[in-house]
Amino acid sequence: MLTTERGAVEEWLSEFKSLPEASLTSYAVNLKEKTTLVSALYEVIQEPQSELLEPVCHQLFEFYRSKEKNLRIFTLQFLPELIWCYLSVSTSRDLQSSGCIEALLLSIYNLEIMDEQGHSKVLSFTIPSLSKPSVYHEPSSIGSMALTEGALSQHGLSRVVYSGPHPQRETLTAQNRFEVLSFLLLCYNSALNFMPAPSLRSLCHMSSRLCVCGYPRQHARKFSGVKNRIPASSEFMVQLLTGIYYSFYNGEWDAARRALDDVLYRAQLELFPEPLLVANAIKASLPQGAIKGTKEGTKCIQVEIAPTSSRISRNAVTSMSIRGHRWKRNEQNDTNNDSSDPGNLVIPEISVTNVAGDRIGNGERVKSLTENDAHHIQAMQDICSEARAEGKPEIRRQKSTLQI
């Protein structure tokens with residue numbers, strides 16, 4: 001560790017102890033902008049034998065149990081690196097060097113499983129009812145269904161518990177280790193929108209190293225250090241995939257791609273159905289090329305929401321709209337026919353030949369009309385005018401064009 005980085009960590013440790021309560025909010029806001037301090041803290045965590053590790057873990061715990069949201073997020077961003085350091089040390093069975101990290105992880109876990117009243121926290125969600133409108137559907141747009149709206153409303157809302165209640169833990173053992181770590185990753189994933197790029201990158205690297213260490217792929221990835229296989233549970237790998245999927249669309253495409261391949265590789269070896277299902281679903285939904293320009297953009301996963309029923313009904317094509325369009329077109333044609341002037345009848349062109357059989361040019365057709373033809377055309381116009389005046393249907397005749 002460089003002298004400047006060590007000095008930044010020591011200054012950070014002493015600054016918070018002498019900080020007054022009134023300036024705690026402004027201190028928490030400006031803390032995330034100290035990139036030099038963040039990189040120095042990563043180096044301290046990566047060195048289990050560092051003398052600064054214990055005071056750093058203690059101060060991170062002080063941040064997390066404070067009421068300031070930004071201080072809690074500052075601690076959470078180091079959670080992937082803390083988990084990896086703990087797992088890598090636990091495989092070597094040198095638990096003394098990871099004692100402060102284990103204490104920090106247990107403290108965060110015991111804080112999160114309890115609510116403000118001291119009761120066990122239960123995380124759940126409610127399945128929406130189709131009888132009530134939402135941003136995705138309108139009850140009137142469902143159409144004919146076997147269950148009516150009244151029958152659906154009688155079923156009520158179903159509540160599904162996906163985490164909790166969890167018991168308090170005093171130590172981490174082989175039996176409860178991944179139960180605690182999976183819950184900690186669940187807390188980390190709930191704040192993914194606030195995680196900076198180094199934290200997402202650390203999550204992807206931790207996922208890759210965890211899944212390939214001790215396996216033949218470790219040589220291809222060129223990971224050094226830990227050579228033993230690190231056990232992992234199915235639930236823990238699913239929580240890893242949640243963060244990896246978010247990293248794809250927030251500036252860490254390459255690291256997330258490698259992590260996804262490594263998690264899928266480990267899930268195939270372990271025959272874990274849940275990680276296999278989630279990893280293959282993520283892989284199938286990814287675009288063909290890498291997404292660019294997302295490091296400074298809004299951190300979200302873009303989805304398309306179906307239009308509402310009012311928008312659909314306005315532009316929908318039905319049998320009534322087709323008939324109405326046909327009636328309007330027929331009315332326009334009848335109006336144009338009725339408003340036409342009989343004196344402006346279009347006379348069909350008549351191809352006439354002279355006695356010698358030579359064809360007359362197009363420019364001489366008007367001149368070639370005889371007096372009898374002119375009287376005949378005038379008589380036809382008079383008949384049409386009289387028929388319209390008496391209310392009779394108009395009779396039109398058209399001479400065929402003869403060409404020789």
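Just so it is clear, the structure is predicted and the values come from calculations on it, not from any experiment.
- Rounding to the nearest 0.5 angstrom, the gap separating the OH atom in Tyr188 from the CG atom in Leu76 is 8.5 Å.
- Asn280 CG to Gln268 CD: the interatomic distance, rounded to the nearest 0.5 Å, is 7.0 Å.
- Panel note: side chain Ser285, backbone Ile282; a donor-acceptor pair is recorded below 3.5 Å.
- Side-chain atoms of Ser50 never come within 3.5 Å of backbone atoms of Glu47 as a donor-acceptor pair (strictly under, hydrogens ignored).
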Go through the steps for Leu203 and Leu79 under the test side-chain contact (heavy atoms from CB on, under 4.5 Å), then give the verdict.
-> CA-CA 9 Å; Leu203 174 69; Leu79 190 61; over 6 Å; no

For side-chain contact (heavy atoms from CB on, under 4.5 Å), just list the numbers for Thr173 and Arg177, CA-CA rounded to whole Å, side-chain angles, deciding distance to a tenth of an Å, and then say yes or no.
-> CA-CA 5 Å; Thr173 62; Arg177 179 177 298 156; over 6 Å; no

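- Between Leu71 and Leu24 there is a side-chain heavy-atom pair separated by less than 4.5 Å.
- At a threshold of 4.5 Å between non-hydrogen side-chain atoms, the residues Leu105 and Leu181 count as touching.
- The main-chain N or O of Gln239 is found under 3.5 Å from a side-chain atom of Asn189 such that the two form a donor-acceptor pair.
- Counting only distance, with no hydrogens or angles, the side chain of Arg266 and the backbone of Leu210 share a donor-acceptor pair below 3.5 Å.
- Under the 3.5 Å distance criterion, the side-chain polar atoms of Ser202 are left unmatched by any main-chain donor or acceptor of Pro198.
- Separation of atoms CZ (Phe178) and CD1 (Ile83) is listed at 9.5 Å; rounding is to 0.5 Å.
- Put simply, the side chain of Leu31 reaches to within 4.5 Å of the side chain of Leu37, judged on heavy atoms.
- How far CZ of Phe272 is from CD of Glu235: 11.5 Å, rounded to the nearest 0.5 Å.
- Counting only N and O atoms by type, the side chains of Glu68 and Thr25 include a donor and acceptor under 3.5 Å apart.
- If you look at Phe16 and Phe63, their ring centroids are closer than 6.0 Å.
- Going from atom CZ of Phe78 over to atom CG of Leu41 covers 4.5 Å, rounded to the nearest 0.5 Å.
- Checking side-chain atoms of Arg229 against main-chain N and O of Gly214 turns up a donor-acceptor pair under 3.5 Å.
- Applying the salt bridge (charged side-chain N to carboxylate O under 4.0 Å, His left out) rule to Glu112 yields the partners Arg72, Lys121; only residues at least two apart in sequence or on another chain are considered.
- Side-chain atoms of Thr75 come within 3.5 Å of backbone N or O of Leu60 as a donor-acceptor pair.
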Does the side-chain contact (heavy atoms from CB on, under 4.5 Å) test come out yes or no for Leu260 and Leu286, once each step is laid out?
-> CA-CA 11 Å; Leu260 178 63; Leu286 292 177; 4.0 Å; yes

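- Of the candidates Val180, Leu172, Val89, Leu82, Glu102 forms a side-chain contact (heavy atoms from CB on, under 4.5 Å) with just one, namely Leu172.
- Ser190 places a side-chain N or O within donor-acceptor distance of the main-chain N or O of Cys187, the cut-off being under 3.5 Å.
- Contact of the Ile113 side chain with the Pro165 side chain is not registered, since no non-hydrogen atoms from C-beta on lie closer than 4.5 Å.
- Residues Phe61 and Ser66 fail the side-chain proximity criterion, which asks for heavy atoms closer than 4.5 Å.
- A heavy-atom distance below 4.5 Å is found between the side chains of Lys69 and Phe194.
- The backbone N or O of Phe74 lies less than 3.5 Å from a partner atom in the side chain of Gln77, making a donor-acceptor pair.
- Two residues are said to be in side-chain contact when any heavy atoms from C-beta on lie closer than 4.5 Å; Leu186 and Ser182 fail this criterion.
- Listed for the Ser199 side chain is no donor-acceptor partner under 3.5 Å among the backbone atoms of Pro196.
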List the steps and the verdict of side-chain contact (heavy atoms from CB on, under 4.5 Å) for Met237 and Leu276.
-> CA-CA 10 Å; Met237 295 177 68; Leu276 281 173; over 6 Å; no

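- Between Gln59 atom CD and Glu54 atom CD the span is 13.0 Å, to the nearest 0.5 Å.
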